[in-house]
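What you see is a predicted model; the values in this text were computed from it and never measured. All values below come from the heavy atoms of this structure, side chains included, with hydrogens, waters and symmetry mates left out. First the proteins, then the strands, lettered A, B, ... as listed; each starts at 1.
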There are 2 protein chains.
Amino acid sequence: MTMPRKPAYDRDALIAQARDIFWRHGWAGTSLKDLERELKLKPGSFYAAFGSKDALYALAMERYAQDGVANMMTLARELGPLGALKAQPRLVVEASELPTRACMLSKTYAELQARGHELAGQARTHMVAMKTCFADLFRRAQKAGEIGTEHDPDRLAARYQSDLLGLRMSAERDDVNASEIAADIAADLDRL
Amino acid sequence: MTMPRKPAYDRDALIAQARDIFWRHGWAGTSLKDLERELKLKPGSFYAAFGSKDALYALAMERYAQDGVANMMTLARELGPLGALKAQPRLVVEASELPTRACMLSKTYAELQARGHELAGQARTHMVAMKTCFADLFRRAQKAGEIGTEHDPDRLAARYQSDLLGLRMSAERDDVNASEIAADIAADLDRL
DNA sequence: GGGTTTATTGAGCGATCACTCAAGTATATA
DNA sequence: TATATACTTGAGTGATCGCTCAATAAACCC
């Protein structure tokens, strides 16, 4: 029994790179030629590593969603549940290193849902997880007395996620002052 | 001088039909085969009538945007400026005949902006017009004393449009109670 | 009805799509 | 060093993309 050769690439780094490309250009907007050029992989290596364009897209979305939840958790540890929820809108708008401000999950869902594509269902699943994360933060904010208990945390989370999706879409437009919208969303949380 | 043959199709009806197809499936998600099948046009007739896929898409978006503004104006005539703004979220969620709840302009912008496609710029232009329409309604609501004058109508319009985009995206998901979000958006307008 | 003009038809264009695979190369163990 | 194993390469697959155009059919004025 002899041991084989190792791949020359860093699989995790390639997934992160693919995530940024898919995030910016979407599913149909990203061709294998694009991926091969950016990831510096020939078709053979690409398919040996990931199996298909859709399989890599699924990995990219999973990475995106995991990072999103982890980011909110970290933020909550630093600023508390309400602080994290209030800070997130501003952080999204101000983040300059993002491939694009719009949410990758909502972009994927919007693009592929009508055709019943499997990736749309996966995007939906990840959005549900994100919403659950928001709901937990609202619940914790209530228990900590940061906001009143008269509102349903699940409903607050749905509204918050919806506002965030709109904000992130709006932040892509140069005719919109997204900072103002972010501030207004945060201000609404103080009135709870 | 003799007179020519007339087309067998209703151009306006075809544009409306194309709008619904593009709206639902997006730009890349709609092939000429799809359009030829649905509009019952052979390639030759299609190109004689519209010139290109992108040209028809532009016409479809224009129709979408015109109808959107006209709809808000009609609503304002019936319910007053604040009444129209408050009613719109619920109407969007409850409308059952729509090809999809998400906004066609934001879908187009999200899909094509990164590649610098001309249609993304046109979508942006139409969204600006829609935002201006909202701002006018907020201004009229202020003049009518329906809401306070301490807020900037342009800022209110940007936030309102952002909320509406998020709502319409959320209304596509069956894990979200969009009616509740719509009610919450309308309720926020009463606190102005 | 004749003649003119335009609408309709559908085969097929080159380009690009996601993807395959046989041949060549590099790295591990023995 | 010999060999087994897996990685890398890139030409090439059939399918589909948006689109063209020559041939045919239909509707109009005279």
J.: State which of D:dC19, D:dG18, C:dT20 makes the closest approach to the side chain of A:Pro43.
T.: C:dT20
J.: Round to a whole Å and report the spacing from CG of A:Leu39 to C1' of D:dT8.
T.: 15 Å
J.: Do the side-chain N or O atoms of A:Lys53 get closer than 4.0 angstrom to the phosphate oxygens (OP1, OP2) of C:dA18?
T.: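 It does, given that an N or O in the side chain of A:Lys53 lies less than 4.0 Å from OP1 or OP2 of C:dA18.
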J.: Separation of A:Tyr57 atom OH from C:dC19 atom C1', in whole Å?
T.: 20 Å
J.: In the single-linkage hydrophobic clustering (I, L, V, M, F, W, Y; side-chain heavy atoms under 4.5 Å), do B:Met130 and B:Val92 co-cluster?
T.: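 In one cluster with B:Met130: B:Val92, no.
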J.: Taking CZ from A:Phe46 and P from C:dA18, how many angstroms apart are they, rounded to a whole number?
T.: 9 Å
J.: Taking only the side-chain nitrogens and oxygens of A:Ser45, find out if one of them lies under 4.0 Å from OP1 or OP2 of D:dC7.
T.: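 So the side-chain polar atoms of A:Ser45 never come under 4.0 Å of the phosphate oxygens OP1 or OP2 of D:dC7.
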J.: Take atom CD in A:Glu118; do more than 12 heavy atoms of anything else shown fall under 6.0 Å from it?
T.: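 No.
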J.: May I ask whether A:Leu165 and B:Val176 are part of the same hydrophobic cluster, defined by side-chain heavy atoms of I, L, V, M, F, W, Y residues being less than 4.5 angstrom apart, directly or through others?
T.: no
J.: Cation-pi between A:Lys53 and A:Trp27: NZ/CZ under 6.0 Å from ring centre and within 45° of the ring axis?
T.: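 Relative to the ring axis of A:Trp27, which defines the angle, A:Lys53 lies inside both limits.
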J.: Side-chain N or O of B:Tyr47 less than 4.0 angstrom from OP1 or OP2 on D:dC19?
T.: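 Yes.
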J.: Starting at CD of B:Glu36 and ending at P of C:dA11, how long is that distance when rounded to a whole Å?
T.: 12 Å
J.: Indicate, with a heavy-atom threshold strictly under 4.0 Å, whether B:Phe50 touches base, sugar-phosphate, or nothing.
T.: nothing
J.: Do any side-chain nitrogens or oxygens of A:Lys42 fall under 4.0 Å of OP1 or OP2 in D:dT8?
T.: no
J.: So if I take every side-chain heavy atom of A:Tyr9 and compare against D:dT8, D:dC19, D:dC17, which nucleotide ends up nearest?
T.: D:dT8
J.: Rounded to the nearest angstrom, tell me the gap between atom CZ in A:Arg37 and atom C1' in C:dT16.
T.: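 My rounded result for the distance is 13 Å.
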J.: Look at the side chain of B:Leu32 and decide which nucleotide, out of D:dC17, D:dC19, C:dT20, has an atom nearest to it.
T.: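 Nearest nucleotide to the side chain: D:dC19.
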J.: For B:Trp27 and D:dC17, give me the distance from atom CH2 to atom P, rounded to whole Å.
T.: 12 Å
J.: Nearest-Å distance, CG (B:Leu35) to P (D:dG18)?
T.: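 Nearest whole value for this atom pair: 8 Å.
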J.: Under 3.5 Å, is there a donor-acceptor pair between the side chain of B:Arg168 and the main chain of B:Arg101?
T.: yes
J.: Using atom CG of B:Asp54 as one end and atom P of D:dC17 as the other, report the distance to the nearest whole Å.
T.: 15 Å
